[in-house]
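Whatever order the structure lists them in is the order used to number ligands and atoms, beginning at 1. Counting begins at 1 with the first residue of the sequence.
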Amino acid sequence: MTERMTEHYPWQASTWRSLADRLTQDTLPHALLLHGPAGIGKRHFATRFAHALVCEQRHADGLPCGRCPSCLLYAADNHPDMHVVEPEKEGGVIKIDQIRALIADLSLSRHAGGYKVAIIHPAEVMNTAAANSLLKTLEEPAANTLIMLVAEQLSRLPATIRSRCQKLRFTVPESSMAGDWLREKLAENGASPDAAPQLLMIAQGAPLRALADAEKDLPALRQSLLEALLELSEGRRDPVKVAGEWLKLEQPMPIKYLHGWVSDMIRFRQVPQSFADNMDYQKMLHSLCVDIEIQKLYSYLDRIAESLPLMAQLNPLPIIESLLIHWANMPKQKTIMQD
Ligand SMILES: [Zn+2]
């Protein structure tokens, strides 16, 4: 299990500390209601804390050990003391049968030495019958059991549910912390970190929502870069103009994509069946490389690989121009390959 799986977001550190302290002091309530706006990591926090609760050898800061039998079961998504109740289909409700099954599971004795934990998410989509059936369990909790309800809109939960849970409010993080986190994630994804303030503004300060918005745009960008490559090879675009457009993107991201595609073209030309990495682009990559000599692809790949480290040291524009001009003028064979 990696560290990443156990970490919580930086803006949740103080909430984590206070709950971890209560866990150590054995003063946790039996039901917690985690509430706050979408896209700030409530569900993620509940899952991390549930993991800590089932771990049998927690660290002093409350983080799970990642090695005990319970942690291994958790990692395999198969811990018998950990229950997640969600709508069966997206946008659906949580039904009474699901809550009854949960209550039955919680009444069984614990599998291991940790807690029994349930996460109900999003709690506000429990229908009335489901919410009513949960009331008794919230009133008469079993020992060493924690039920975590996760909700965006408290007002949509029945008062009877709200009054039986201890509320834990999650807020949008302070903007500089959210900005630092988002910049780092965008850079990891090959996107421009400079987009962070605008993305956060659109997402009303919720960092996970901002990141999800950015990720939705990346596939479109990748597609448009590949389309430009196709247009260049068909002589429909001017490589110098395309280079000017690529220069506006975070460098060397477009050239990294170019490197990946040319590698894929070579793999495809050698063993067509092995071409599984970019199935969605298979047809496009096929038509891009089908009439180029494989040796030419190899030397072009070398050229890209040599150019990549130079982009940080030199003016990137002539490098991009040179690579795209080379691509646009790649000599084509007249042989027809069968696919
Ligand atoms: Zn553990």
Side-chain angles (χ1 to χ4, degrees), residues 1-36 39-86 94 98-99 101-123 134 137-138 140-151 165-170 173 177 181 184-185 188 207-208 211:
M1 181 176 309
T2 64
E3 270 310 300
R4 285 190 68 80
M5 290 181 72
T6 60
E7 76 187 9
H8 40 263
Y9 296 114
W11 54 89
Q12 297 173 337
S14 66
T15 310
W16 181 274
R17 266 196 305 279
S18 73
L19 275 191
D21 286 348
R22 295 180 66 180
L23 174 58
T24 311
Q25 294 153 11
D26 205 16
T27 57
L28 279 179
H30 52 269
L32 275 173
L33 174 49
L34 290 69
H35 67 99
I40 56 173
K42 301 182 298 297
R43 164 70 198 271
H44 177 92
F45 184 95
T47 310
R48 295 293 154 267
F49 194 58
H51 182 185
L53 288 166
V54 295
C55 172
E56 295 164 65
Q57 289 158 23
R58 270 185 301 277
H59 297 298
D61 58 4
L63 287 174
C65 74
R67 281 186 287 274
C68 72
S70 274
C71 280
L72 297 180
L73 282 169
Y74 174 91
D77 211 7
N78 197 23
H79 200 297
D81 293 336
M82 160 102 191
H83 305 280
V84 178
V85 181
E86 290 174 314
I94 294 175
Q98 293 174 270
I99 296 296
L102 172 70
I103 293 166
D105 285 335
L106 290 179
S107 70
L108 301 172
S109 55
R110 279 178 291 154
H111 166 86
Y115 270 68
K116 282 184 93 76
V117 195
I119 296 174
I120 302 176
H121 169 267
L134 185 65
T137 303
L138 291 176
E140 298 166 14
N144 292 310
T145 299
L146 179 70
I147 300 175
M148 285 187 273
L149 289 85
V150 183
C165 300
Q166 201 163 98
K167 291 175 203 68
L168 192 57
R169 185 163 174 246
F170 284 69
M177 188 184 267
W181 180 87
E184 195 182 313
K185 295 292 160 194
E188 279 173 18
L208 302 185
L211 183 62

Parallel, tilted or perpendicular: ring planes of His44 versus Tyr9, cut at 30 and 60 degrees: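 Aromatic pair His44/Tyr9 classed tilted.
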His79 versus Ser70, side-chain donor and acceptor atoms under 3.5 Å: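 There is such a pair (donor and acceptor under 3.5 Å, judged by atom type) between the side chains of Ser70 and His79.
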2.8 Å shell around the Zn ion (ligand 1), exclusive bound, protein N/O/S atoms: 4
Separation between CD of Glu86 and CD1 of Ile94, rounded to the nearest 0.5 Å: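 Interatomic distance, Glu86 CD to Ile94 CD1, rounded to 0.5 Å: 7.5 Å.
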Nearest-0.5 Å distance, CG of residue Leu134 to CD of residue Gln98: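 One gets 12.0 Å once the value is rounded to the nearest 0.5 Å.
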Flag, side chain of Gln12 to backbone of Phe45, donor-acceptor distance under 3.5 Å: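 Not at all, since once roles are kept as given, no pair shorter than 3.5 Å links the two residues.
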Backbone of Leu28 reached by a side-chain donor or acceptor of Arg22 within 3.5 Å: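 No; zero donor-acceptor contacts below 3.5 Å.
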